[in-house]
Amino acid sequence: MSDDEQQGEFSPEQRARVESLRKSGNNELYENEEAQQQPAPPREYVAHSCCTNCVITSALAVLLCRRKCDANRVVADFAFFPPKPPTYSAKGNGTEVVLSRKRRTGSAVSETSEVRLIEWKYRDLERNPIFARFRYVDGRDGRPACRLLKTARLQFVPSFFFEAPGMSAVRSDAQQQSVTNISIPRPRTSLCLIYFHANATDCGAMLPTYSTLSRRLGVALLAIEYTGYGSSTGRPSVPDTYADADAAYNEARRRGFSDDKIVLYGQSVGSGPACYLAARKPNLAGLILHSPIASGIRSLTGGGCCSPVYIYACLDPFNNLKELKKAYCPTLIIHGTRDEEIPCAHGKMLHDVARNKHDPFWVDGAGHNDILETHEDLYFSKLHDFLLHVIKARASNKIYQRGSSSSLAKSNKPLSATGSTDHLPIACDNKPVCENDKPILSPANKRKKKLHIFQWFNARRRNI
């Protein structure tokens with residue numbers, strides 16, 4: 001089938017039939033034939049009937065009883081689908097890193113923090129030259145550096161770090177050992193993209209995508225594996241995924257990136273840990289949600305009477321609608337209008353509740369997993385524009401915090417002309433990030449503002 005036929009265009013036989021019906025004057029048959037050949041409209045988030053919702057609710061009740069009322073086990077059954085077998089296995093100094101698969105034990109036959117190479121489990125990947133170059137994960141020549149991270153729930157998950165283009169990633173073994181537990185200094189203008197991948201894949205299959213993103217956007221990229229995926233230990237669950245997100249954030253901080261240089265990227269189910277982290281770190285630089293879910297249950301069923309959305313709140317993993325309301329950083333939503341797995345309405349709902357929303361990117365005709373393949377240039381253009389907006393927003397917030405009476409805030413010159421090395425050489429409009437004509441302040445800045453007002457009031461009382 002050709003590309004035009006897949007997109008709903010008429011085939012030559014169908015065109016001839018429609019033309020013959022039109023010439024014969026049979027308008028009713030012509031209209032019916034044309035309506036049948038039109039492409040189906042995109043699936044939207046709609047309210048189901050009461051009968052349908054009752055059936056789904058009953059099925060979830062049976063599943064919950066069979067799992068002995070363990071909500072985490074029920075959620076794991078329909079929320080996580082790790083590839084079996086995984087696409088790769090991690091290796092240390094010539095020996096395979098064999099970790100215990102028993103949950104919460106954290107024991108390991110051969111435990112190491114640094115991973116030197118990975119072995120592909122699929123012959124097609126092993127023979128593919130694109131994947132073959134990532135066999136060695138030593139941080140040299142555009143390859144990532146890989147480390148095993150221990151999460152708060154005593155699991156070991158691999159992390160892959162790509163240096164920003166133009167930065168030398170060559171370090172001696174002695175230097176690498178000396179910076180294991182201390183912060184690594186970074187250039188003040190660099191950004192780090194923390195990527196949370198989608199379901200039914202792992203970091204091994206995503207390595208070429210990570211490399212392309214880092215190279216074309218000019219940023220560092222840190223990817224984290226989920227518990228139970230790839231070479232990590234344990235079984236996947238929502239609490240473990242949140243612990244993986246915290247471990248990724250701590251790793252970015254260890255590598256020298258402050259909060260205002262970290263941008264979160266969540267794709268599909270990865271939007272869950274991304275929104276979780278953004279809600280708890282108010283000073284992050286930005287948040288990108290790619291084909292996100294509004295919540296776990298909403299991806300399975302719609303609203304309406306007796307909907308599981310309102311009955312089984314305990315079975316609703318990754319409630320991004322609730323978490324995104326707490327996020328202060330600029331937020332970009334990317335969603336395909338022809339997404340059959342997660343309807344575009346999920347992205348629209350998240351865009352409506354975002355506090356600091358950026359212009360969304362609704363990809364016309366794109367599905368759930370083909371946005372990068374079908375709209376590559378436009379995709380990278382939108383991401384680049386968003387990162388520029390993030391840098392300007394970060395600069396504007398710092399100008400606002402210094403005070404409106406400062407000479408820098410009154411100046412119309414670019415930031416580079418002021419001699420500051422804390423920002424990229426991009427002109428700033430000298431306006432704070434606002435919502436409804438009011439500056440957006442994080443909770444920490446609100447406490448500082450209240451403290452300054454209290455100190456000023458006490459000083460006035462002493463003078464009186």
Side-chain angles (χ1 to χ4, degrees), residues 134 137 139 142-147 149 157-167 169 184 186-198 201-226 244-278 281 283-292 327 329-334 356 358 361 371-372 376 379-394 423-424 426:
F134 295 112
V137 284
R143 295 188 295 266
C146 182
R147 292 185 74 244
L149 306 180
V157 294
S159 67
F160 298 86
F161 179 73
F162 289 82
E163 289 276 8
M167 293 186 59
I184 303 174
R186 287 279 154 196
R188 294 184 177 183
T189 56
S190 61
L191 291 176
C192 178
L193 197 70
I194 301 181
Y195 198 109
F196 301 99
H197 64 72
T201 186
D202 55 26
C203 286
M206 294 291 294
L207 285 179
T209 302
Y210 297 155
S211 178
T212 303
L213 280 170
S214 176
R215 176 175 50 83
R216 295 195 59 171
L217 296 178
V219 298
L221 189 143
L222 175 65
I224 188 74
E225 193 65 274
Y226 303 138
D244 301 337
D246 290 329
Y249 169 78
N250 294 334
E251 175 67 8
R253 292 302 303 265
R254 188 197 70 85
R255 291 187 174 274
F257 295 97
S258 58
D259 283 11
D260 61 345
K261 300 185 183 77
I262 295 177
V263 179
L264 304 179
Y265 192 113
Q267 180 179 3
S268 188
V269 75
S271 60
C275 290
Y276 160 84
L277 207 56
K281 307 296 179 183
N283 296 322
L284 294 178
L287 172 65
I288 303 173
L289 300 178
H290 181 155
S291 301
C329 56
T331 304
L332 170 65
I333 308 292
I334 303 174
N356 192 357
H358 188 70
F361 179 30
I371 293 179
L372 180 58
E376 181 177 359
Y379 168 79
F380 281 107
S381 176
K382 293 292 184 180
L383 288 184
H384 187 265
D385 292 343
F386 176 72
L387 294 181
L388 292 181
H389 169 76
V390 163
I391 296 172
K392 291 180 64 176
R394 186 181 65 181
H423 315 288
L424 289 178
I426 299 174

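Taken from CZ in Arg147 to CD in Glu251, the straight-line distance is 4.5 Å, to the nearest 0.5 Å. Going from atom CG of Leu213 over to atom CZ of Phe162 covers 9.5 Å, rounded to the nearest 0.5 Å. Rounding to the nearest 0.5 Å places CZ of Phe386 at 11.0 Å from CD1 of Ile391. We find the CG-CG distance between Asp246 and Leu149 to be 12.0 Å, quoted to the nearest 0.5 Å. Distance OG/Ser381 to CZ/Phe361: 8.5 Å, rounded to 0.5 Å. We find the CZ-CD distance between Arg216 and Glu376 to be 5.0 Å, quoted to the nearest 0.5 Å.
Under the 4.5 Å side-chain criterion, counting only non-hydrogen atoms from C-beta, Leu217 is not in contact with Leu191. In this structure, the side chains of Phe380 and Leu372 come closer than 4.5 Å at one or more pairs of heavy atoms. Side-chain contact between Asn356 and Leu287 is absent, with no heavy atoms from C-beta onward closer than 4.5 Å. Put simply, the side chain of Asp260 does not reach to within 4.5 Å of the side chain of Asn283, judged on heavy atoms. Looking at heavy atoms from C-beta onward, Ser291 lies in side-chain contact with Ile371 at the 4.5 angstrom threshold.
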| said: One pair to check against side chain to side chain contact (heavy atoms under 4.5 Å, CB included): Ile262 and Leu222. What are the steps and the verdict? | reply: CA-CA 10 Å; Ile262 295 177; Leu222 175 65; over 6 Å; no
| request: Check the pair Val263 / Val219 against side chain to side chain contact (heavy atoms under 4.5 Å, CB included), numbers first and verdict last. | output: CA-CA 10 Å; Val263 179; Val219 298; over 6 Å; no
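Every pair tested for salt bridge (charged side-chain N to carboxylate O under 4.0 Å, His left out) that includes a residue from residues 380-391 fails, sequence neighbours excluded, so the list is empty.
Although no hydrogens or angles enter the test, the distance criterion places a donor-acceptor pair under 3.5 Å between the side chain of Glu225 and the main chain of Cys203. Formation of a donor-acceptor pair under 3.5 Å by the Tyr249 side chain with backbone atoms of Asp259 is not found in this model. Under the 3.5 Å distance criterion, the side-chain polar atoms of Ser159 are left unmatched by any main-chain donor or acceptor of Val157.
Listed here is the closest heavy atom pair of Ser271 and Leu289: CB-CD2, 3.9 Å. Phe257 approaches Arg253 most closely through the heavy-atom pair O-CD, 2.8 Å. In plain terms, the two heavy atoms of Phe196 and Leu277 that are nearest each other are CZ-CD2, 4.3 Å. Of all the heavy atoms in Ser190 and Lys261, the pair that sits closest is O-CD, 3.3 Å. Scanning both residues, Leu207 and Pro144, for their nearest heavy atoms gives CD2-CG, 4.3 Å. The nearest pair of heavy atoms linking Ala285 to Pro330 is O-CD, 3.2 Å.
Taking the centre of each ring, Tyr210 and Phe160 stay at or above the 6.0 Å mark.
By the 30° and 60° cut-offs, the orientation of the rings of His290 relative to Tyr379 is tilted. The aromatic rings of Tyr265 and Tyr195 sit parallel to each other, their planes meeting at less than 30°, with 60° as the upper class boundary.
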